Amino acid sequence: MENQYRKWFGEKRCQLALENFTGKGWTAHYAENKEKAFRLLFETIIPKNVTIGLGGSETLTAMNVLETLRGGDYKLFDRYNCPDHFEMCRDSLMADVFLTGVNALTVSGEMVNMDCSGSRVAAMAYGPRKIVVVAGVNKICDSLDEAVDRVQRIAPMNCKRNNHDTPCTENGVCDDCNFPGRMCNHILITLNAKKFAGRFTLVLINEELGF
């Protein structure tokens, strides 16, 4: 049974973060659950017949977003089904919309992401004209330092998910390795989105989703 007080607390936390993201130039939306977030994405935010780039995301996977994007109403640069992953990610830099999850957000309106190849953070920083970020309430941190720490703490799960040969897939602890399979290679901190008004959209969901 859902805990009503946890749900209430999550909503308040989402609303405070969304207020601060809006103040920093983001278009910010609240969704009570992933089903409502899904409808928001495909009925309001993402128009049909556009090109879509995709960042790897457990949150989007939990929402069954990929099946919809492959359904014919969009031209998806499908990073999961392509002969050359590197070239597909390069093509995604010119997509109309780049849809992605996130590693960490702050309640004061910053975003922190860690990448392996850098394709996701590159697209977020510059390229696609519209960036749509989808996140669960569990991604919200109280400070930028906490957000950076969170990114490091969840890194072993991402390495395990992607079958990387690193020490953290054995012991569950990121120790800043120097292995060829290392995933923690690029970090992007987005402090403000006012430079390009309307480019960044955030859908914040009052559920724990992803890592």
Side-chain angles (χ1 to χ4, degrees), residues 1-46 54-69 99-115 120 124 131-162 168-169 171-174 183-184 187-193 200-211:
M1 182 177 177
E2 187 175 64
N3 185 299
Q4 61 176 319
Y5 306 111
R6 184 179 296 277
K7 195 70 174 178
W8 167 83
F9 182 70
E11 180 177 355
K12 294 301 180 183
R13 195 161 172 79
C14 285
Q15 295 294 359
L16 178 57
L18 289 170
E19 180 180 341
N20 287 322
F21 274 98
T22 299
K24 291 188 173 184
W26 290 67
T27 300
H29 301 270
Y30 172 78
E32 184 180 351
N33 53 50
K34 62 179 181 290
E35 291 77 21
K36 291 185 178 180
F38 181 93
R39 291 196 295 271
L40 187 62
L41 280 178
F42 292 107
E43 294 176 7
T44 303
I45 297 173
I46 302 175
L54 198 64
S57 169
E58 286 292 289
T59 298
L60 295 178
T61 299
M63 294 169 62
N64 295 317
V65 162
L66 194 57
E67 288 78 2
T68 299
L69 293 176
L99 178 61
T100 184
V102 64
N103 295 134
L105 304 167
T106 71
V107 73
S108 54
E110 293 106 2
M111 177 174 66
V112 181
N113 287 286
M114 182 82 79
D115 256 17
R120 183 178 59 130
M124 289 170 139
I131 307 297
V132 180
V133 177
V134 184
V137 65
N138 51 306
K139 302 297 180 73
I140 302 175
C141 301
D142 289 322
S143 68
L144 192 53
D145 285 342
E146 182 183 325
V148 173
D149 179 67
R150 183 184 195 282
V151 170
Q152 188 175 36
R153 284 189 290 104
I154 66 171
M157 288 188 282
N158 270 325
C159 284
K160 193 75 171 177
R161 175 173 67 96
N162 288 284
C168 67
T169 61
N171 60 22
V173 178
C174 176
M183 286 192 70
C184 306
I187 189 166
L188 175 69
I189 300 175
T190 304
L191 300 172
N192 199 293
F200 283 92
T201 296
L202 172 63
V203 178
L204 198 47
I205 307 168
N206 192 9
E207 288 185 349
E208 294 200 2
L209 295 165
F211 298 149

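Values in this document were obtained by computation on a predicted structure and should not be read as measured data. Worth knowing before you read on, the calculation uses all heavy atoms, side chains too, and leaves out hydrogens, waters and symmetry mates.
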Sub-4.5 Å side-chain heavy-atom contact between [X] and [Y]:
{"X": "Val148", "Y": "Gln152", "value": "no"}
{"X": "Leu60", "Y": "Leu66", "value": "no"}
{"X": "Val65", "Y": "Val134", "value": "no"}
{"X": "Thr169", "Y": "Cys159", "value": "yes"}
{"X": "Ile187", "Y": "Asp115", "value": "no"}
{"X": "Thr100", "Y": "Leu54", "value": "no"}

Spacing of [atom1] belonging to [X] relative to [atom2] belonging to [Y], to within rounding of 0.5 Å:
{"X": "Leu204", "Y": "Tyr30", "atom1": "CG", "atom2": "OH", "result": "8.5 Å"}
{"X": "Arg150", "Y": "Phe211", "atom1": "CZ", "atom2": "CZ", "result": "10.0 Å"}
{"X": "Cys14", "Y": "Lys139", "atom1": "SG", "atom2": "NZ", "result": "12.5 Å"}
{"X": "Thr190", "Y": "Met124", "atom1": "OG1", "atom2": "CE", "result": "6.5 Å"}
{"X": "Ser57", "Y": "Leu99", "atom1": "OG", "atom2": "CG", "result": "7.5 Å"}
{"X": "Cys174", "Y": "Arg153", "atom1": "SG", "atom2": "CZ", "result": "11.5 Å"}

(request) Let me know which of Val132, Thr201, Leu202 forms a side-chain contact (heavy atoms from CB on, under 4.5 Å) with His29. (result) Thr201

Using the test salt bridge (Lys or Arg N to Asp or Glu O under 4.0 Å), find all partners of [X] that sit at least two apart in sequence or belong to another chain.
{"X": "Arg161", "value": "Glu58"}
{"X": "Arg6", "value": "none"}
{"X": "Lys7", "value": "Glu2"}
{"X": "Glu208", "value": "none"}

(message) Please determine whether side chain to side chain contact (heavy atoms under 4.5 Å, CB included) holds for the pair Thr27 and Phe200, giving the CA-CA distance in whole Å, both sets of side-chain angles, and the decisive distance to 0.1 Å.
(response) CA-CA 6 Å; Thr27 300; Phe200 283 92; over 6 Å; no

(message) Suppose the criterion is side chain to side chain donor-acceptor pair (under 3.5 Å): which pairs have a residue in residues 8-20, not counting sequence neighbours?
(response) Arg13-Asp142

Which atom of [X] lies closest to which atom of [Y], heavy atoms considered:
{"X": "Ala135", "Y": "Leu105", "result": "CB-CD1, 3.8 Å"}
{"X": "Arg120", "Y": "Val102", "result": "NH1-CA, 4.0 Å"}
{"X": "Thr106", "Y": "Ala147", "result": "CG2-CB, 3.9 Å"}
{"X": "Trp26", "Y": "Gly109", "result": "NE1-O, 4.5 Å"}

Any side-chain to backbone donor/acceptor pair from [X] onto [Y]? Under 3.5 Å, distance only.
{"X": "Asn138", "Y": "Leu209", "answer": "yes"}
{"X": "Asn113", "Y": "Leu188", "answer": "no"}
{"X": "Asn103", "Y": "Val151", "answer": "no"}

(request) For the pair Glu110 and Lys24, evaluate side chain to side chain contact (heavy atoms under 4.5 Å, CB included) and give the outcome as yes or no after the intermediate values. (result) CA-CA 9 Å; Glu110 293 106 2; Lys24 291 188 173 184; 3.2 Å; yes

Can you give me every donor-acceptor pair (side chain of residues 35-42, partner residue at least two apart or in another chain, under 3.5 Å) with its distance?
residue, atom, partner, partner atom, Å
Lys36, NZ, Glu32, OE1, 3.0

(request) Could you give me the CA-CA distance, side-chain angles and deciding distance for Val133 and Val203, then say whether side chain to side chain contact (heavy atoms under 4.5 Å, CB included) is met? (result) CA-CA 6 Å; Val133 177; Val203 178; over 6 Å; no

